[in-house]
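Numbered from 1 within each chain, the chains take letters A, B, ... in sequence-line order. Just the heavy atoms: all of them, side chains too, but no hydrogens, waters or symmetry mates, feed the values below.
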Amino acid sequence: MENDRYWLVKTEPEAFSWQQLVKDGKTAWDGVRNYLARNHLQAMQQGDLVLVYHSNTGKEIVGIARVIRTAYPDASAGDDPRWVCVDLAPVCALKQPVILKQMKEIPALHDLMLIRQGRLSVMPVSELHFHLILQLAETPHP
DNA sequence: GCCAACGTTGGC
DNA sequence: GCCAACGTTGGC
């Protein structure tokens with residue numbers, strides 16, 4: 001997985017939104033309590049680009065962030081050494097949010113992990129998928 | 001509010 | 001080590 005440069009993270013905007021990330025300038029992406037998602041956090045490298053997805057409310061990818069600090073112990077996990085977080089900073093908002101429904105309608109995105117494994121909160125995104133999503137973000141919704 | 005998908009837990 | 005029960009996530 002050393003060639004993964006692109007990721008997607010989910011957040012419930014009621015808990016922590018893209019707008020909050022922009023306001024704060026950076027954030028510790030903590031609170032992940034799933035081993036697979038944790039492994040993905042650990043694989044992130046400085047400078048990797050991260051799509052930010054709003055679950056529940058919106059169900060859309062709203063912006064791009066960048067990894068500014070690689071995995072370190074998640075303070076929100078107390079003394080539990082299993083969990084880590086990374087620091088993310090906003091890069092830019094998508095011109096048009098890319099909604100889940102739209103992505104589901106595109107066959108080339110059917111093996112995107114967001115579609116295939118709905119509950120995973122941190123996942124790799126292939127370069128192809130990443131660029132496809134950026135293209136969709138340039139295209140106004142019908 | 002419902003439920004499918006998935007992860008975790010605990011009894012055996 | 002298996003699997004039923006339970007909890008959580010997240011789309012609908």
Original post:
So which nucleotide from C/dG11, B/dT8, B/dC6 ends up closest to the side chain of A/K59?
Top reply: C/dG11
Subject >> Under 4.0 angstrom between A/Q117 side-chain N/O and C/dT9 OP1 or OP2 >> reply: no
Original post:
Rounded to whole angstrom units, what separation is found between the CG atom of A/L120 and the C1' atom of B/dC6?
Top reply: 11 Å
Original post:
How would you label the contact of A/L100 with the nucleic acid (heavy atoms, under 4.0 Å): base, sugar-phosphate, or nothing?
Top reply: sugar-phosphate
Original post:
Nearest-Å distance, CH2 (A/W83) to P (B/dG7)?
Top reply: 12 Å
Original post:
Can you check the A/N34 CG to C/dT8 P distance for me, whole Å?
Top reply: 14 Å
**OP:** Using whole Å, report how far CZ of A/R33 lies from C1' of B/dT9.
**Re:** 18 Å
Original post:
Using the benzene-type ring in the case of Trp, are the ring centres of A/Y35 and A/W83 under 6.0 Å apart?
Top reply: yes
Original post:
Among A/V32, A/N34, A/T70, A/V67, which one satisfies side chain to side chain contact (heavy atoms under 4.5 Å, CB included) with A/L41?
Top reply: A/V32
**OP:** Indicate whether OP1 or OP2 belonging to C/dT9 is found under 4.0 Å from a side-chain N or O atom of A/K10.
**Re:** no
**OP:** Please state how far atom CG in A/L114 lies from atom P in B/dC6, giving the value in whole angstrom units.
**Re:** 13 Å
Original post:
Can a salt bridge be assigned to the pair A/R33 and A/D74 using a cut-off of 4.0 Å between side-chain N and carboxylate O?
Top reply: yes
Original post:
Considering only side-chain heavy atoms of A/N56, which listed nucleotide, C/dT8, B/dT8, C/dG11, is closest?
Top reply: C/dG11
Original post:
If you look at every strand shown and take non-hydrogen atoms under 4.0 Å, does A/K104 touch a base, only sugar-phosphate, or nothing?
Top reply: sugar-phosphate
**OP:** Quickly work out the A/I99 CD1 to C/dC12 C1' distance and round it to whole Å.
**Re:** 14 Å
Original post:
Are the side chains of A/P90 and A/K23 in touch, meaning some heavy atoms are under 4.5 Å apart?
Top reply: no
**OP:** Could you tell me the separation between the CZ atom of A/R116 and the P atom of C/dG11, rounded to a whole number of Å?
**Re:** 17 Å
Original post:
Are A/T11 and A/W18 close enough that some pair of their side-chain heavy atoms sits under 4.5 Å apart?
Top reply: no
Subject >> N or O in side chain of A/Y53 less than 4.0 angstrom from C/dG11 OP1/OP2 >> reply: yes
**OP:** For A/L36 and B/dC6, give me the distance from atom CG to atom P, rounded to whole Å.
**Re:** 12 Å
**OP:** For the side chain of A/R119, starting at C-beta, report the closest nucleotide among B/dG7, C/dG10, B/dC6.
**Re:** B/dC6
